[in-house]
Amino acid sequence: MKLDMIFDAVAQNPIFENKFILQTNHTPEVIPHREAQIEQVASILAPALRGDRTSNLFVYGKTGSGKTLSVQYVQHELLKRAQSMQVPLRVEYINCKLKKVADTEYRILAEMVKKLGGEVPATGLPTDQIYNRFIDFVEKEKKTVIFILDEIDQAVKKMSDNFLYNLTRLNSELVKSQISFVGISNDLTFIDQLDVRVRSSLSEEEIIFPPYNALQIQDILKERAGKAFKPQVVGEGVIAKCAALAAREHGDARRALDLLRIAGELAEREGKKHIEEEHLDKANEKMENEKILDVISTEPKQFQIVLSSIIQLLESKKLQKVYTGDIYNIYQEFCQATRNEILTQRRVSDIIAEFDMLGVLNATVISHGRHGRTREIRLNIPKHLLGKVKEILRDSVGM
DNA sequence: AGGTATTCACATGAAACTATTCTCTGAGTTAGG
DNA sequence: TAACTCAGAGAATAGTTTCATGTGAATACCTGT
């Protein structure tokens, strides 16, 4: 039977030994080139083992520079130690970027209560009640609590920074217990945008994670590839190339690992026994493509209509750049034709800005002098994907 | 010619509104004693 | 009378609208030569 052959081939699996190792949520036991930072984090948080309040800590670094990994590593070690020493210590990790989980003041607070074992409804309560509930939970018994707030820059962007101020002041309302915070941010300028009071109390300590260079990424890749793949599957050249590709993207180790994993999957699918450099190229391309297609297909309807309008305009006029006003005109016709609500120009302007953020478009504000100011918009979708993109748009909004 | 002042066509910001989802509260209803 | 139901008030949130203000430089408009 043919299927059996396919299954057998996958079961034998000449490529992967343990693919999980390359997955981004895997925590390795060695974290190369981050020893110094890990030690710093540990020494700052260590007083918690004595039951003292630790300084609030702020950790910066670009994506894929090992921040989260290192902090979580320290978290686990700390908890292990606390358990053996019988210290009432809680260290909880919250990712503030997760939509619908912890991306607003209310939800972060609710998440904090949940981590401590409480139940909070998803909505319906006033925020200050959640504060009270949180305090109750922390005060129920004497303990030290450390919250790790990953990607707080994302959350604070959405709300006012007096949320952070409230957090740092919570301590003054506590009698028995103590809490402190570890903030993690990708945005190096984040702390500068904060209110001075918040800044000084939230970042009593700061640690910066520099991006990895190509050699360090190589080490990381070797380390993990050794365990993830069967022997002899990846050559020296492949690792080097993979590291080089990722180093170009500001030393993002996560990307390097993804790349290697996808290259491995491609090789596996082709029934090869080794990963070649061409697999990396294909993997690289595949990642780019999937990112764009995924973004576009998951975007809400109005976004897709706007994008359709832009593509239509570009194609019908054979232009490579268009302006907001023209887009809005086409957009209105489009909405009428497809019996959709017409949004204001203000909103469409924001939608375009969001597409720009996502990298689907390239929009620059330029001034045409007497003829006003507008965005000059170019499509940032590779030609070979345009067909697929149009297909997606046609299916969902009828382009 | 050279220097200002206008002016366009949006950008950008803030606040307010809307619909939806959810909790909590208290009045009214029901069923059992 | 205790338990139950159900409507209404109040919150949070996402997506928008409304109102207000900002802005870079090509042009129109002066100016004095």
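First the proteins, then the strands, lettered A, B, ... as listed; each starts at 1. In this text, all values refer to a predicted model and were calculated from it rather than measured experimentally.
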Colleague: When the distance from CD of A:E354 to P of B:dT12 is rounded to whole Å, what number comes out?
Modeller: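 The distance from CD of A:E354 to P of B:dT12 comes to 13 Å, rounded to the nearest Å.
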
Colleague: Any ring pair (Phe, Tyr, Trp, His ring centres under 6.0 Å) involving residues 99-128 of chain A? Give me the pairs, sequence neighbours left out, ordered by first then second residue.
Modeller: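 Found none.
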
Colleague: From A:D281 CG over to A:E276 CD, what is the distance, rounded to the nearest 0.5 angstrom?
Modeller: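 With rounding to 0.5 Å, CG (A:D281) is 11.5 Å from CD (A:E276).
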
Colleague: Would you mind reading off the distance between A:L343 atom CG and B:dC17 atom C1', rounded to a whole angstrom?
Modeller: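 Value for this atom pair: 15 Å.
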
Colleague: How about A:N95 and A:L98: do any of their side-chain heavy atoms sit closer than 4.5 Å?
Modeller: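 Side-chain contact under 4.5 Å: yes.
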
Colleague: Could you list the donor-acceptor pairs under 3.5 angstrom formed by side chains in residues 352-369 of chain A, with sequence neighbours left out?
Modeller:
from: A:D356; atom 1: OD1; to: A:A363; atom 2: N; distance (Å): 3.3
from: A:S367; atom 1: OG; to: A:G369; atom 2: N; distance (Å): 3.2

Colleague: Applying a 4.0 Å non-hydrogen cut-off, can you work out what A:Q302 is touching in the nucleic acid: base, sugar-phosphate, or nothing?
Modeller: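 It contacts sugar-phosphate atoms only.
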
Colleague: Provide the full list of salt bridge (Lys or Arg N to Asp or Glu O under 4.0 Å) pairs with a residue in residues 83-96 of chain A, sequence neighbours left out, each pair given once.
Modeller: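 Passing the test, one end in residues 83-96 of chain A: A:R90-A:E92.
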
Colleague: Give every residue pair that meets the ring pair (Phe, Tyr, Trp, His ring centres under 6.0 Å) criterion with at least one member in residues 167-214 of chain A, sequence neighbours excluded.
Modeller: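 Checked against ring pair (Phe, Tyr, Trp, His ring centres under 6.0 Å) - neighbours excluded - the pairs reaching residues 167-214 of chain A are A:F58-A:F190.
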
Colleague: If you look only at pairs with a residue in residues 66-79 of chain A, which of them pass as a side chain to side chain donor-acceptor pair (under 3.5 Å), with sequence neighbours excluded?
Modeller: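 Every pair satisfying side chain to side chain donor-acceptor pair (under 3.5 Å) with a residue in residues 66-79 of chain A: A:K67-A:N186, A:T68-A:D150, A:E77-A:K80.
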
Colleague: Please enumerate all protein N or O atoms sitting under 3.5 Å from an N or O of nucleotides 8-11 of chain B, with distances to 0.1 Å.
Modeller:
from: B:dC8; atom 1: O4'; to: A:R370; atom 2: O; distance (Å): 2.8
from: B:dC8; atom 1: O2; to: A:G369; atom 2: O; distance (Å): 3.0
from: B:dC8; atom 1: O2; to: A:G372; atom 2: N; distance (Å): 2.9
from: B:dA9; atom 1: N3; to: A:R373; atom 2: N; distance (Å): 3.1
from: B:dC10; atom 1: O5'; to: A:G325; atom 2: N; distance (Å): 3.3
from: B:dC10; atom 1: O4'; to: A:R373; atom 2: O; distance (Å): 3.4
from: B:dA11; atom 1: OP1; to: A:T324; atom 2: OG1; distance (Å): 2.7
from: B:dA11; atom 1: OP1; to: A:R375; atom 2: NH1; distance (Å): 3.2
from: B:dA11; atom 1: OP2; to: A:S349; atom 2: OG; distance (Å): 2.9

Colleague: Once you round it to whole Å, what is the distance between P of B:dT23 and CD of A:E119?
Modeller: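 The distance from CD of A:E119 to P of B:dT23 comes to 11 Å, rounded to the nearest Å.
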
Colleague: Anything under 3.5 Å between a donor and an acceptor, one on a side chain of residues 125-139 of chain A, the other on a protein residue two or more places apart or in another chain? List them.
Modeller:
from: A:Y131; atom 1: OH; to: A:E105; atom 2: OE2; distance (Å): 3.1
from: A:Y131; atom 1: OH; to: A:N166; atom 2: ND2; distance (Å): 3.4
from: A:N132; atom 1: ND2; to: A:D128; atom 2: O; distance (Å): 3.4
from: A:R133; atom 1: NH1; to: A:E119; atom 2: O; distance (Å): 3.1
from: A:E139; atom 1: OE1; to: A:K176; atom 2: N; distance (Å): 3.0
from: A:E139; atom 1: OE1; to: A:S177; atom 2: N; distance (Å): 3.1
from: A:E139; atom 1: OE2; to: A:V175; atom 2: N; distance (Å): 2.7
from: A:E139; atom 1: OE2; to: A:K176; atom 2: N; distance (Å): 3.4

Colleague: Could you tell me which residues satisfy side chain to side chain contact (heavy atoms under 4.5 Å, CB included) with A:D103, sequence neighbours excluded, listed by chain and number?
Modeller: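 Partners of A:D103 under the side chain to side chain contact (heavy atoms under 4.5 Å, CB included) test: A:K99, A:R107.
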
Colleague: Please identify the 5'-most and 3'-most nucleotides of DNA chain C with any atom under 4.0 angstrom from a heavy atom of chain A.
Modeller: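 The footprint of chain A covers C:dG10 to C:dA28.
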
Colleague: List the residues meeting side-chain hydrogen bond (donor to acceptor under 3.5 Å, both in side chains) with A:S185, not counting sequence neighbours, and say none if there are none.
Modeller: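 Partners of A:S185 by the side-chain hydrogen bond (donor to acceptor under 3.5 Å, both in side chains) criterion come out as none, since no residue qualifies.
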
Colleague: For A:I342, answer base if it contacts any base atom (sugar-phosphate contacts may also be present), sugar-phosphate if it contacts only those atoms, and nothing otherwise; contact means non-hydrogen atoms under 4.0 Å.
Modeller: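 Sugar-phosphate only.
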
Colleague: Would you mind listing every ring pair (Phe, Tyr, Trp, His ring centres under 6.0 Å) that reaches into residues 217-268 of chain A, with sequence neighbours excluded?
Modeller: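 Sorted pair list: A:F16-A:F229.
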
Colleague: Looking at DNA chain C, which of residues 121-139 of chain A put a heavy atom within less than 4.0 Å of it?
Modeller: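 Contacts with DNA chain C under 4.0 Å: A:T123, A:G124, A:L125, A:P126, A:T127.
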
